[in-house]
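Accompanying notes for the structure given below.
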Amino acid sequence: MATAFFNALSATFPQGETFFIDSVRRYRDLADPVLRDQISRFIQQEAMHTREHVAFNRLIKDAGYGTAAMDAYTRNRIDCARQKPPIGQLAITIALEHFTAIMAHALLTEEHPLPGAPKEIVRLWQWHAIEEIEHKGVCYDTYLLATRNLSPMRQWMIRCRVMLLISFQFWHSNRRHMADFFRQDGINTPRTWWRVWKFLVVSPGMFRKIALPYLSFYLPGFHPWRHDDRHLIAAVERELAADGNPAG
Ligand SMILES: [Fe+2]
Ligand SMILES: [Fe+2]
């Protein structure tokens, strides 16, 4: 179950992360030197994630899975997102970056995040999770900069409305991609989905763990760093250093 869930996520990452990069990059020159540096670092990190997930997705293809339909679906969703005004694109990015940050937190607190997966794959996801936490405030600060002339109420309404829409689309696309993998394995059955439900809600229970952090996004005073979880990074970084970081 874990494999299908994380493979489905990975299938969308390269195109999604390129979109995130483009949506913040256009504000880099407006930012103060501190935020400008953070945006540059964010772009470097996401570009590296894209590179690693392209390689990982190639392994999925080499294992015999067809991913053309998933790629086409993601391309279509991203093309639609690119039609939105720049602030709308940034609001989409902060919504998805919130998902990645809270899922990263859940992953790093899990003793066995991907049961049965090879160690290198677990390390890839842990490395990605660390960097998602490291840069979780960057897009949000860029959003505050981009919307500085709007009232706090308007800033809040835009990001909450977009988050509602993105939440639906994010899980819809992930469910769709998982179904695609299950169909190719000949196991797209109620029994499989029951196991998915148990995996996501009961044990390890990613949905259950991210429910409250997810809802915090809708609070008027929300900021990603209101929940400082940098302490999670050090321990996993030590493990990665001992093994050799998958990013090389
Ligand atoms: Fe990323
Ligand atoms: Fe990110």
Side-chain angles (χ1 to χ4, degrees), residues 5-28 31 35-60 70-71 74 77-78 81 89-108 113-114 120-146 159 162-163 166-167 169-170 173-174 177 206 210 213-214 216-217 222-230 232-233 236-237 240 245-248:
F5 178 72
F6 284 99
N7 287 358
L9 275 180
S10 185
T12 65
F13 277 175
Q15 296 191 62
E17 288 173 328
T18 305
F19 172 80
F20 299 169
I21 289 173
D22 293 342
S23 73
V24 288
R25 198 197 330 249
R26 59 169 69 93
Y27 293 100
R28 184 163 52 183
L35 182 57
R36 200 180 309 142
D37 280 357
Q38 289 175 345
I39 292 175
S40 297
R41 175 93 182 112
F42 170 86
I43 291 172
Q44 280 170 9
Q45 287 188 329
E46 292 296 6
M48 193 68 90
H49 301 168
T50 297
R51 200 189 74 175
E52 293 298 320
H53 281 276
V54 165
F56 178 64
N57 294 348
R58 205 172 300 127
L59 291 179
I60 298 174
M70 297 179 221
D71 293 343
T74 308
R77 300 311 317 159
I78 302 273
Q89 295 188 35
L90 202 48
I92 292 171
T93 298
I94 61 168
L96 287 166
E97 278 286 288
H98 184 56
F99 271 117
T100 55
I102 60 181
M103 286 167 58
H105 180 101
L107 189 122
L108 293 186
L114 283 91
E120 316 78 69
I121 304 298
V122 177
R123 293 299 186 230
L124 167 72
W125 284 102
Q126 287 175 320
W127 161 72
H128 194 161
I130 285 174
E131 297 202 342
E132 288 307 321
I133 289 181
E134 278 175 359
H135 70 222
K136 70 176 183 174
V138 178
C139 297
Y140 197 84
D141 288 337
T142 308
Y143 174 77
L144 293 179
L145 169 74
R159 70 177 174 84
V162 170
M163 180 50 122
I166 286 301
S167 303
Q169 284 181 357
F170 180 67
S173 119
N174 218 43
H177 295 346
M206 173 78 83
I210 67 171
Y214 164 73
S216 72
F217 186 89
F222 168 81
H223 187 281
W225 285 120
R226 285 214 160 190
H227 180 212
D228 189 346
D229 49 0
R230 274 172 284 201
L232 290 175
I233 293 175
V236 183
E237 260 179 354
L240 288 177
N245 188 316

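Predicted model only: the values in this text are computed from it and were never measured. Order of appearance sets the numbers: ligands from 1, and atoms from 1 within every ligand.
Annotation: Trp125 is in aromatic contact with Phe13 [ring centroid separation under 6.0 Å].
For the Fe ion (ligand 2), the N/O/S atoms of His49 include none lying under 2.8 Å. Because the distance cut-off is set at 2.8 Å, Glu17 fails to qualify as a neighbour of the Fe ion (ligand 2), as none of its N, O or S atoms comes that close.
Rounded to 10 degrees, the OE2-metal-OE2 angle spanning Glu132 and Glu97 at the Fe ion (ligand 2) equals 130°.
Nearest N, O or S atom of Glu46 to the Fe ion (ligand 1): atom OE1. As for His135, its N/O/S atom nearest the Fe ion (ligand 2) is the one called NE2. Nearest to the Fe ion (ligand 1), among the N, O or S atoms that His128 has, is NE2.
No hydrogens or angles considered: a donor-acceptor pair under 3.5 Å links the side chains of Arg123 and Gln126. Inspection of the Glu46 and His49 side chains reveals an N or O donor paired with an N or O acceptor under 3.5 Å.
Checked options Glu97, Arg159, His98; the residue passing with Tyr140 is Arg159 (criterion: side chain to side chain donor-acceptor pair (under 3.5 Å)).
Distance alone, capped at 3.5 Å, places no donor-acceptor pair between the Asn174 side chain and the Phe170 backbone.
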